[in-house]
2 protein chains.
Amino acid sequence: MKDRLSATFSALSDPTRRAILARLSEGEASVTELHEPFSSDMSLPAITKHLKVLENAGLIQKTKAAQWRTCSLNPEPLKEASDWIEQYSLFWEESLDRLDEYLKDIQKKNKKG
Amino acid sequence: MKDRLSATFSALSDPTRRAILARLSEGEASVTELHEPFSSDMSLPAITKHLKVLENAGLIQKTKAAQWRTCSLNPEPLKEASDWIEQYSLFWEESLDRLDEYLKDIQKKNKKG
DNA sequence: TGGTTAATTAACCAAATGGTAAATTAATGA
DNA sequence: TCATTAATTTACCATTTGGTTAATTAACCA
């Protein structure tokens, strides 16, 4: 049994799966919807397999309604991955400036809405 | 040819390789030194292979002196991975508080010297 | 009921992955 | 020179990975 962090990084190591997560970050979607952008060069069963990998890593969740399978993003494993990488952030110099700027950005957005 | 981000996440998907990076975060080390913590259950050639994966992903660099191969951490790909994950940070709620705290921590350390 | 839609499973494939033991190469030094 | 140390390569292995096509299952609806 693969540990959670390994499963997460492994899931993220494929471009198709990263693109799927990007799509889900905008809102939940059905399997067919997720397949659409890749339909010219990838089969639906291939997408099903990718989703299985993402689900096993805990990165997505599926809900079932009739013949529909709706997928949604679960950010928890991403946060764990981010936390792991964070221990190395002291190694890049601009870290302080970037975080400062990013933080201010978020505070602005939060105050607006 | 695998794209850089995929190679990075793929490299990070193995616990041994993450442990190697953790060791290198404390300072550069020879192949034998990196092998030592694993020597009871993993061969030296296996470590060589892992290092090859890390090197191909750009996560480490090797310098050569006589029969010695010294490995050191390269944080750039980690930063790229962190940046990629960062786009999802809005999905976890404590992000703002954590970043704020972290930033203050770093500023304290920098002011000390 | 039978056709349609959505999704999954089964069977297959080539390549990649994490290991091993043995052999080889590179460098040192008695 | 030959033994020792450090590291890599070779050859092998079982398993996993990203795909495919065909078949099957689940659900809807005229």
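All chains are named by letter (A, B, ...) in the order of the sequence lines, taking the proteins before the strands, and each is independently numbered beginning at 1. Just the heavy atoms: all of them, side chains too, but no hydrogens, waters or symmetry mates, feed the values below. Being a predicted model, the structure only gives us computed values, none of them experimental.
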Next item on the list: Produce a footprint string for nucleotides 15-25 of chain C: one letter per nucleotide, 5' end first; B if the base is under 4.0 Å from any protein heavy atom, S if only the sugar-phosphate is, - if neither.
Entry: --SSBBBB---
Checklist line | His35(A) NE2 - dT5(C) C1' separation (whole Å) | finding: 15 Å
Notebook entry, point to check: Taking all atoms of both residues into account, what is the closest heavy-atom pair of Ala81(A) and Ile85(B), and its distance?
Noted result: CB-CD1, 3.7 Å
Check: Quick one: does Ser82(A)'s side chain have a donor or acceptor within less than 3.5 Å of a partner on Lys79(A)'s backbone?
Finding: no
Notebook entry, point to check: Is it true that a side-chain atom of Glu33(B) and a backbone atom of Ser30(B) form a donor plus acceptor pair closer than 3.5 Å?
Noted result: yes
Check: Rounded to whole angstroms, how far apart are CZ on Phe9(B) and P on dT17(D)?
Finding: 17 Å
Next item on the list: Answer yes or no: does a side-chain N or O of Thr48(B) lie under 4.0 Å from OP1 or OP2 of dT8(D)?
Entry: yes
Next item on the list: Please work out which of the three classes, parallel, tilted or perpendicular, describes the rings of Phe9(B) and Phe9(A), given edges at 30° and 60°.
Entry: parallel
Notebook entry, point to check: Sub-3.5 Å donor-acceptor pair from the side chain of Arg17(A) to the main-chain atoms of Ser10(A), do we have one?
Noted result: yes
Note to self: In this structure, how many angstroms lie between the P atom of dA6(C) and the NZ atom of Lys62(A), rounded?
What the structure shows: 15 Å
Between the protein and nucleotides 24-30 of chain D, are there any N/O to N/O pairs under 3.5 Å, and if so, what are the atom names and distances?
none

Notebook entry, point to check: Between Ile47(B) (CD1) and dA7(D) (P), how many Å, whole number?
Noted result: 12 Å
Item checked: Side-chain heavy-atom pair Leu78(A), Phe91(B) within 4.5 angstrom cut-off -> no
Notebook entry, point to check: With distance as the sole test, does His35(B) use its side chain to make a donor-acceptor pair with the main-chain N or O of Met42(B) at under 3.5 Å?
Noted result: yes
Note to self: Would you say the rings of Trp92(B) and Tyr88(B) are close, in the sense that their centroids are separated by under 6.0 Å?
What the structure shows: no
Next item on the list: Look through every strand shown and name the nucleotide pairing with dT10(D) as Watson-Crick or G-U wobble, where both distances are under 3.5 Å.
Entry: dA21(C)
